[in-house]
2 protein chains.
Amino acid sequence: MTKQKSIILEIINNSCEHLTAEAVYEKSLEKLPKIALATVYNNLNALTASGDIKRINMPDGSAHYDKTIPHDHMVCTVCHKITDVSSYGNYTDKKIKKAYEKATGENIIGYDLILYHVCGDCAKKQIKNI
Amino acid sequence: MTKQKSIILEIINNSCEHLTAEAVYEKSLEKLPKIALATVYNNLNALTASGDIKRINMPDGSAHYDKTIPHDHMVCTVCHKITDVSSYGNYTDKKIKKAYEKATGENIIGYDLILYHVCGDCAKKQIKNI
DNA sequence: ATATTTTTTAGAATTATTCTAAATTTTTCA
DNA sequence: TGAAAAATTTAGAATAATTCTAAAAAATAT
């Protein structure tokens, strides 16, 4: 575990946002002004492979990095804002896994779920434009 | 609806695979030897925007295009093979929407679900390697 | 403490995708 | 129908995200 790697992990674990590689790079520059962008990519890949962080792929193809505390994402189809959604409180995740294990006969290790909605701000704007 | 557009739509609707833009381009060359890669990208974007096809973003960041008949995807975490999973037979999709509408208080328009498993072939190989 | 291995750095290279401007095709409607 | 307008296609240049390379630095093992 190098300085670079631990700072990158810390940045992701301390952020409430869903950072892109570029954004992680910019934040890491504040702590390590000499860090290379390639190092950020290396470590994001390594941390994703080891399961310490999670990569989420947005519908527009952009990659964001996230903590591993299990949760789902809800994306506004208009402005693309990402909101975290707990997948725990209601045990939905266990239900989903069970339903799909039954349907497929496979052992479901995990899943990624991205929900789509129109956020409050965009809904307001849409009403105005009618 | 141009020749190019309709051929691209046909390729995606007649394929059982999950084609990348490049793969769609190669298939379309068989029918239209002069088609430009940019035309393929233009039309994939247009068809996605109009809802005639669907773009799926794999965990490794690669984009694949798919028919719009609603279904989910199961990806092998070892070889990344994609398998279609019906989301209809068991009404799971309605249940998922309802559960998350209750949890978030939002109107859920839709969702993308990617399930992870280890496929039969990879499971066999893993056993051998122990 | 020295050798070996791993990681970092900086910049070049690659890949996927988008942009641009001219040519072509399609659509509009007089 | 046929000219004008609008939209699409083409080819290639441009861009952006990511990976690769080779040397330097840091970490780890002996």
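Since the model is a prediction, treat every value here as computed from it, not as a measurement. No hydrogens, no waters, no symmetry mates; every other heavy atom, side chains included, goes into these values. Labels below follow one simple rule: chain letters A, B, ... track the order of the sequence lines, proteins then strands, and each chain is numbered from 1.
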Given D/dT10, is OP1 or OP2 found less than 4.0 Å from the side-chain N or O atoms of B/Gln4? yes
Is A/Tyr41 close enough to D/dT18 that one of its side-chain N or O atoms is under 4.0 Å from OP1 or OP2 there? yes
Mind calculating the distance between CE (B/Met58) and P (C/dA16) to the nearest angstrom? 16 Å
Interatomic distance where NZ belongs to B/Lys3 and P belongs to C/dT24 [whole Å]: 13 Å
Looking at B/Arg55 and B/Asp66, does any basic side-chain N land under 4.0 Å from a carboxylate oxygen? no
Protein-nucleotide distance (A/Lys34, atom NZ; D/dA24, atom P), rounded to Å: 16 Å
In whole angstroms, how far is the P atom of C/dT26 from the CG atom of B/Asn42? 16 Å
Take atom CG of A/Asn57 and atom P of D/dA17, then tell me their distance rounded to the nearest Å. 14 Å
Separation of D/dA25 P from A/Ile35 CD1 (nearest whole Å): 17 Å
So, is A/Asn45 near the phosphate of D/dT19, with a side-chain N or O under 4.0 Å from OP1 or OP2? yes
Whole angstrom is fine here: how far is it from CD1 in A/Ile7 over to P in D/dA26? 14 Å
In whole Å, I'd like the distance from the CD atom of A/Glu22 to the P atom of D/dT15. 16 Å
Along DNA chain C (nearest heavy atom to each residue), the more 5'-positioned of B/Met1 and A/Leu37: A/Leu37
If we ignore hydrogens and angles and just use 3.5 Å, is the side chain of A/Thr39 paired with the main-chain N or O of A/Ile35 as donor and acceptor? no
Strictly below 4.0 Å: does A/Thr39 bring a side-chain N or O up to OP1 or OP2 of C/dT9? yes
Please answer whether the main-chain N or O of B/Ile11 pairs with a side-chain N or O of B/Ser15 as donor and acceptor at a distance below 3.5 Å. no
Of the candidate nucleotides C/dT7, C/dT9, D/dT10, which contains the atom at the shortest distance from the side chain of A/Thr2? C/dT7
Should the ring pair B/His18 and B/His73 be called parallel, tilted or perpendicular, given that the plane angle runs from 0 to 90° and is split at 30 and 60? perpendicular
Under the side chain to side chain contact (heavy atoms under 4.5 Å, CB included) criterion, do A/Met58 and A/His80 qualify, and how do the steps go? CA-CA 9 Å; A/Met58 282 302 122; A/His80 305 115; over 6 Å; no
